[in-house]
Amino acid sequence: MTITVLCVGKCKESFYREAVDEYAKRLSKYCKFSVTEVPDEECREGASAAEEEKIKNTEGERLLAKIPQGAYVYALAIKGKKTDSVTFSGNLSRLMVSGKSQIYFIIGGSLGLSDAVLKRADESISFSDMTFPHQLMRVILSEQIYRAFRIMNHEPYHK
């Protein structure tokens with residue numbers, strides 16, 4: 001199983017990168033885990049709705065170009081479905097059993113994901129109604145994927 005976190009923009013803060021690297025190391029026991037970044041577009045203060053849509057579409061094209069055919073895609077979106085860790089683990093387990101060998105989690109840029117990316121996604125999930133920094137979301141997602149594998153393998157995890 002290969003799990004890829006596909007993100008818009010670079011992770012500038014070393015402490016976020018170090019946290020994701022730690023979870024990647026822990027996940028190596030269960031799957032092949034990686035983070036792939038695509039360049040973000042600069043959004044000027046006071047940009048019009050049309051300019052923001054153009055930026056999301058440009059970033060969306062970059063994301064879609066990185067997703068292989070046949071991959072199962074989760075889009076992280078505020079309006080996505082909320083779940084708990086045990087259910088999330090069960091969903092990943094079912095995907096693995098059904099033969100899905102490539103799973104992609106998509107984290108958009110500061111403006112979110114384009115409609116094209118949301119349409120390509122097999123599922124949209126949300127971790128909260130709150131907004132998190134995109135770099136922090138990488139850490140939260142990596143931890144939840146790690147927790148999911150711990151649950152799948154009946155290993156202890158913090159409840």
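Here the structure is a predicted model, which means the values were calculated and not measured.
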Verdict with supporting geometry, Phe132 and Ile140, side-chain contact (heavy atoms from CB on, under 4.5 Å): CA-CA 10 Å; Phe132 297 105; Ile140 294 169; 4.3 Å; yes
So do [Y] and [X] actually touch side chain to side chain, heavy atoms under 4.5 Å?
X      : Y      : result
Phe105 : Val35  : no
Cys7   : His134 : no
Tyr16  : Arg138 : no

What is the minimum heavy-atom distance between [X] and [Y], and which atoms define it?
X      : Y      : answer
Arg120 : Ala71  : NH2-O, 2.9 Å
Pro156 : Arg150 : O-NH2, 2.9 Å
Glu51  : Ala47  : OE1-CA, 3.2 Å
Leu118 : Ala75  : CD2-CB, 4.0 Å
Ile151 : Ser85  : CD1-O, 3.8 Å
Ala116 : Leu64  : CB-CD1, 3.8 Å

Check this for me: does any side-chain nitrogen of one of [X] and [Y] sit under 4.0 Å from a carboxylate oxygen of the other?
X      : Y     : result
Glu37  : Lys66 : no
Glu52  : Lys56 : no
Glu155 : Lys29 : yes

Among the clusters formed by ILVMFWY side chains lying less than 4.5 Å apart, do [X] and [Y] turn up in the same one?
X      : Y      : value
Ile106 : Leu111 : no
Leu27  : Tyr104 : no
Ile67  : Val38  : yes
Met130 : Leu76  : yes
Leu92  : Val5   : yes

Working for side-chain contact (heavy atoms from CB on, under 4.5 Å), residues Gln135 and Cys11: CA-CA 6 Å; Gln135 293 82 3; Cys11 188; 3.7 Å; yes
side-chain contact (heavy atoms from CB on, under 4.5 Å) evaluation trace for Phe15 with Val139: CA-CA 10 Å; Phe15 53 90; Val139 178; over 6 Å; no
How long is the straight-line distance from [atom2] of [Y] back to [atom1] of [X], given to the nearest 0.5 Å?
X      : Y      : atom1 : atom2 : answer
Phe88  : Gln144 : CZ    : CD    : 7.0 Å
Met1   : Lys32  : CE    : NZ    : 13.0 Å
Ser142 : Phe33  : OG    : CZ    : 3.5 Å
Ser110 : Asp40  : OG    : CG    : 7.5 Å
Ser101 : Ile3   : OG    : CD1   : 11.0 Å
Gln102 : Cys31  : CD    : SG    : 12.5 Å

Glu59/Ser114 under side-chain hydrogen bond (donor to acceptor under 3.5 Å, both in side chains): CA gap, chis, key distance, verdict: CA-CA 8 Å; Glu59 292 173 347; Ser114 70; over 6 Å; no
side-chain contact (heavy atoms from CB on, under 4.5 Å) between Met96 and Met152, worked out: CA-CA 11 Å; Met96 290 170 31; Met152 265 183 246; 4.0 Å; yes
Donor-acceptor contact below 3.5 Å, side chain [X] vs main chain [Y]:
X      : Y     : value
Ser124 : Gly80 : no
Arg17  : Lys12 : yes
Thr87  : Asp84 : no
Ser93  : Ser89 : no

Geometric class of the Tyr23/Tyr146 ring pair [parallel <30°, tilted 30-60°, perpendicular >60°]: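 Tyr146 vs Tyr23 ring planes: tilted.
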Single hit among Val117, Val73, Ile107, Leu63 for side-chain contact (heavy atoms from CB on, under 4.5 Å) with Leu6: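 Result: among Val117, Val73, Ile107, Leu63, Leu63 is the only option passing the side-chain contact (heavy atoms from CB on, under 4.5 Å) with Leu6.
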Lys82, NZ atom: more than 12 neighbouring heavy atoms under 6.0 Å: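 Yes.
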